[in-house]
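This report concerns only the one structure given below.
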Amino acid sequence: MALATVEGRIYVNEAGRHVAEDVWVFGWLYHRRDKGKLQFLLVRDGTGIIQCVVSKADVDEATWQQAAELTQESSVKVYGTVRQDPRAPGGYELLLKRLEVVQIAKDYPITPKEHGVDFLMDHRHLWLRSSRQHAILRVRHEIIRAIRDFFDERGFVLLDAPIFTPAACEGTTTLFETDYFGQKVYLTQSGQLYMEAGAMAFGKVYCFGPAFRAERSKTRRHLIEFWMVEPEVAYFDLDDDMRLAEELIEYLVQRVLERKRQELEVLERDLAPLEKIRAPFPRISYDEAARILEEAGTGFRFGDDFGGTDETVLSERFDRPVIVHRYPAAVKAFYMKNDPEQPDRALCMDILAPEGYGEIVGGGQREDDLEILERKIEAHNLPRKAFEWYLDLRRYGTVPHAGFGLGIERTVAWICGLSHVRETIPFPRMLYRLEP
RNA sequence: UCCGGCGUAGCUCAAUUGGCAGAGCGGGUGGCUGUUAACCACUAGGUUGGAGGUUCGAGUCCUCCCGCCGGAGCCA
């Protein structure tokens with residue numbers, strides 16, 4: 001279905017269906033080369049890049065001159081005959097007949113040569129036009145679409161959680177505080193507590209939205225604002241939860257392999273490790289993980305949560321994501337249910353992505369007993385009043401339930417094989433970087 | 001916040017022990033009928049992040065400040 005509203009206008013990715021036809025392409029000049037009485041204009045329109053051949057013999061002098069004056073990222077409308085030609089990048093080219101210049105762009109800052117991270121981040125609004133960023137963000141789009149498909153196919157209801165919250169979901173991390181008509185409120189760091197309410201109402205729910213963490217983290221795996229999908233299911237235990245999470249991850253990887261090969265190629269992603277991502281994933285307990293780390297000598301001490309290097313060491317032992325379960329309850333959030341067989345352990349799990357990409361999933365079974373939960377809220381020094389509604393969920397028809405959160409940017413970084421999450425979101429928010 | 005590194009043309013970088021600030025890309029001008037980050041010739045372009053100091057002389061050494069990058073902690 002063509003969206004073009006002008007007679008004869010096509011998008012670049014439709015060129016193959018219009019061979020030998022005269023068409024318009026509206027876009028921007030990506031690059032220009034000339035060779036005597038020939039000019040090659042690479043025109044991008046968002047769906048792809050097509051080479052336009054301008055032959056001095058075929059166009060009038062004014063058109064030839066206009067084409068010669070085009071600069072990088074000038075906006076243009078080109079009209080010509082679509083041809084199949086093996087010499088053209090992408091296989092198709094446009095033999096130019098007419099040219100309309102919308103605007104000549106002066107001194108576009110991003111050239112086809114190499115640039116530093118700082119410069120590119122300062123020009124993120126323009127950097128989005130380059131083909132590598134296109135590939136990454138198209139993979140992101142596909143992953144988001146696949147997430148929705150996965151849950152929708154399984155009968156989950158999308159239930160959006162609020163962004164403004166009166167209290168912390170997890171007391172441990174720092175929150176962004178703001179003013180809500182004179183009342184202190186915070187930007188959400190997770191929609192989970194609301195999803196628990198949703199699960200008691202709809203059985204199977206998920207939310208998909210941004211999360212904000214005011215942590216002064218400066219690593220390749222951190223953003224201040226990131227996106228997360230959080231399913232929550234009633235009558236689910238930890239094992240059910242692990243199965244759902246690994247099924248989702250397998251689904252996402254396979255979907256990208258199936259539909260975004262070209263993008264992965266642009267990114268020079270090694271596909272072999274991705275092909276191996278099939279459920280079930282290995283499961284190890286915190287104790288087993290701790291033994292591995294103590295042998296490896298990472299400096300890890302039993303009882304701690306894992307650090308970045310610990311996660312890398314663990315994930316490198318497996319060719320698939322690895323599920324680590326039953327952490328010490330002391331290092332985990334108040335809402336986690338304790339393991340009845342080992343009361344000092346929480347019924348929780350983290351999934352570590354392969355190739356050192358770190359934790360992409362965190363979740364587990366929630367505490368469903370009113371009295372235990374009340375004691376935990378107290379023990380964690382949380383404001384009881386803000387959690388009354390949450391405690392209601394345990395007063396009125398409480399059931400075992402579980403869920404998890406999957407971080408979009410880390411998942412995209414892993415699947416694309418990137419060295420930093422900053423390129424996986426259109427406009428990253430990082431420590432000391434708020435613009436553009 | 002802590003530890004480490006870096007800051008030279010619009011961009012990416014070079015500059016010997018402290019001794020004439022340079023190259024490629026991009027821009028400009030000219031040439032070439034199949035280029036693939038084309039190529040060739042010519043050309044313009046600098047308060048070496050900022051302030052102070054040492055020295056006959058500082059891009060280079062010292063002090064402070066600013067910015068960025070990487071890592072740690074914390075986390076998805």
Side-chain angles (χ1 to χ4, degrees), chain A residues 30-42 49 51-58 64 68-69 71-73 83 85-91 93 95 105-123 126 130-132 169-175 189-192 210-230 245 298-299 304-312 331-333 350-353 357-363 404-414 419-422 424-425 430-433:
Chain A
Y30 195 69
H31 197 49
R32 200 183 72 86
R33 289 183 282 269
D34 55 32
K35 182 144 192 354
K37 297 187 172 58
L38 276 182
Q39 295 184 54
F40 299 94
L41 312 178
L42 293 180
I49 298 175
Q51 170 168 283
C52 298
V53 183
V54 190
S55 163
K56 194 162 189 179
D58 295 349
W64 174 261
E69 282 163 13
T71 53
Q72 198 186 347
E73 289 304 318
R83 299 184 4 180
D85 193 314
R87 292 170 296 186
E93 63 182 20
L95 196 60
K106 287 220 162 50
D107 301 322
Y108 183 71
I110 302 180
T111 67
K113 276 278 181 173
E114 284 167 34
H115 297 282
V117 173
D118 187 31
F119 177 81
L120 289 171
M121 291 303 293
D122 282 345
H123 296 85
L126 303 176
S130 69
S131 47
R132 186 182 153 80
C169 302
E170 309 176 21
T172 54
T173 48
T174 340
L175 291 160
Q189 50 186 196
S190 160
Q192 186 205 310
F212 307 89
R213 306 261 166 109
E215 296 158 5
R216 297 191 179 276
S217 302
K218 249 175 78 76
T219 81
R220 68 184 71 223
R221 303 184 307 279
H222 286 88
L223 293 170
I224 300 301
E225 178 181 314
F226 66 99
W227 286 67
M228 201 160 48
V229 59
E230 295 175 279
T298 60
D304 289 352
D305 209 338
F306 304 126
T309 17
D310 298 325
E311 289 182 354
T312 304
V331 301
K332 288 293 178 181
D350 283 353
I351 303 186
L352 308 180
Y357 278 93
E359 184 182 342
I360 52 171
V361 163
F404 62 84
L406 173 122
I408 302 306
E409 288 75 19
R410 286 188 186 175
T411 303
V412 176
W414 162 48
S419 59
H420 201 295
V421 292
R422 66 186 154 219
T424 64
I425 184 166
M430 301 188 298
L431 190 59
Y432 309 131
R433 193 179 280 285

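Chain A is the first sequence line, chain B the second, and so forth, proteins listed ahead of strands; every chain is numbered from 1. Computed from a predicted structure; not experimentally measured.
- One atom, CG of A/Asp350, and another, C1' of B/C74, lie 13 Å apart when rounded to the nearest Å.
- Rounding to whole angstrom units, OH of residue A/Tyr108 and P of B/G27 are separated by 13 Å.
- Under 3.5 Å, the side chain of A/His222 and the base of B/C75 form at least one donor-acceptor pair of N or O atoms.
- To the nearest angstrom, P of B/C25 lies 15 Å from CD of A/Gln72.
- Comparing the same atom, C1', in B/G46 and in B/C20 gives a spacing of 15 Å after rounding to whole Å.
- Taking only side-chain nitrogens and oxygens, A/Arg433 comes nearer than 4.0 Å to OP1 or OP2 of B/C69.
- Between A/Phe306 and A/Glu359, the closest side-chain pair of non-hydrogen atoms is not below 4.5 Å.
- Across all strands, A/Ile110 comes closer than 4.0 Å to no nucleic acid atom at all (heavy-atom distances).
- Nearest-nucleotide assignment on RNA chain B puts the 5′-proximal partner with A/Leu431, out of A/Asp118 and A/Leu431.
- To the nearest whole angstrom, the two C1' atoms, one in B/U8 and one in B/G22, are 10 Å apart.
- Of the nucleotides present, B/G28 is the one that pairs with B/C42 by Watson-Crick or G-U wobble criteria, both distances under 3.5 Å.
- When each of A/Arg32, A/Gln72, A/Glu93, A/Arg33 is tested with A/Leu42 by the rule side chain to side chain contact (heavy atoms under 4.5 Å, CB included), just one qualifies, namely A/Arg33.
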### Message
Apply side-chain contact (heavy atoms from CB on, under 4.5 Å) to residues A/Arg410 and A/His222 and explain how you reach the verdict.
### Response
CA-CA 8 Å; A/Arg410 286 188 186 175; A/His222 286 88; 3.7 Å; yes
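- In this structure, of B/C69, B/C68, B/A76, it is B/A76 that holds the atom nearest to the side chain of A/Arg213.
- As rounded to whole Å, 11 Å separates atom C1' of B/G73 from atom CZ of A/Arg221.
- Each of B/C75, B/C11, B/A72 was ranked by its minimum atom distance to the side chain of A/His115; first place goes to B/C11.
- Across all strands shown, B/G70 forms a Watson-Crick or G-U wobble pair, both distances under 3.5 Å, with B/C3.
- Atom CD in A/Gln189 sits about 9 Å away from atom P in B/A76, given to the nearest Å.
- Remark: P of B/A72 and CG of A/Asp305 are 14 Å apart, rounded to the nearest angstrom.
- Between A/Ile110 and A/Leu120 the shortest side-chain heavy-atom distance falls below 4.5 Å.
- Classification of the A/His115-A/Phe119 ring pair by plane angle, with boundaries at 30° and 60°, yields parallel.
- In this structure, B/G57 forms no base pair with any nucleotide, since neither Watson-Crick nor G-U wobble geometry is met with both distances under 3.5 Å.
- Nucleotides B/A9 and B/C69, compared at atom C1', are 22 Å apart to the nearest Å.
- With both pairing distances under 3.5 Å, B/A14 is matched to nothing as a Watson-Crick or G-U wobble pair.
- Here A/Phe119 lies in heavy-atom contact (under 4.0 Å) with sugar-phosphate atoms only.
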### Query
After noting the C-alpha distance and the side-chain angles of A/Ile360 and A/Trp414, does the key distance pass the side-chain contact (heavy atoms from CB on, under 4.5 Å) rule?
CA-CA 9 Å; A/Ile360 52 171; A/Trp414 162 48; 4.0 Å; yes
### Query
How would nucleotides 28-35 of chain B be written as a contact map, 5' to 3', with B for base contact, S for sugar-phosphate-only contact and - for no contact, using protein heavy atoms under 4.0 Å?
----BBBB
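- For A/Arg220 against B/C69, a side-chain-to-base donor-acceptor contact under 3.5 Å is absent.
- Comparing B/G24 with B/U63, their P atoms sit 37 Å apart, to the nearest whole Å.
- Nucleotides B/U48 and B/U60 have their P atoms positioned 10 Å apart, rounded to a whole Å.
- Closest to the side chain of A/Thr111, out of B/A76, B/U12, B/G26, is B/G26.
- Nucleotides B/U17 and B/C74, compared at atom C1', are 47 Å apart to the nearest Å.
- Rounded to whole Å, the C1' atom of B/C42 lies 35 Å from the corresponding atom of B/G57.
- Residues A/Gln189 and A/Leu175 have side chains in contact (heavy-atom distance under 4.5 Å, counting atoms from C-beta outward).
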### Query
How does each nucleotide of nucleotides 42-47 of chain B score, in 5' to 3' order, for protein heavy atoms under 4.0 Å: base (B), sugar-phosphate only (S), or none (-)?
------
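- Checked for salt-bridge contact, A/Lys332 and A/Asp350 meet the test: a charged N lies under 4.0 Å from a carboxylate O.
- Nearest heavy atoms, A/Tyr108 versus A/Leu126: OH-O, 3.1 Å.
- We find that NZ of A/Lys218 is positioned 15 Å from P of B/G4, with the value rounded to whole Å.
- Atom NE2 of A/His420 is separated from atom P of B/G71 by 7 Å (rounded to the nearest Å).
- B/A23 and B/C40: their P atoms are spaced 15 Å apart (whole Å).
- Of all nucleotides present, only B/A51 satisfies the Watson-Crick or G-U wobble test against B/U63, with each distance under 3.5 Å.
- The side chain of A/Ser217 lies closest to B/C74, out of B/C74, B/U12, B/C69.
- Heavy-atom minimum distance, A/Leu38 versus A/Val53: CD2-CG1, 4.0 Å.
- Between A/Ala88 and A/Gln51 the shortest heavy-atom distance is CA-NE2, 3.9 Å.
- Within the nucleic acid shown, A/Gly116 comes within 4.0 Å of sugar-phosphate atoms alone, with no base atom in reach, counting heavy atoms only.
- Residue-level contact check: A/Val421 touches neither bases nor backbone, having no heavy atom under 4.0 Å from any strand.
- By the 4.0 Å N-to-carboxylate-O rule, A/Asp118 lies close enough to A/Arg433 to be salt-bridged with it.
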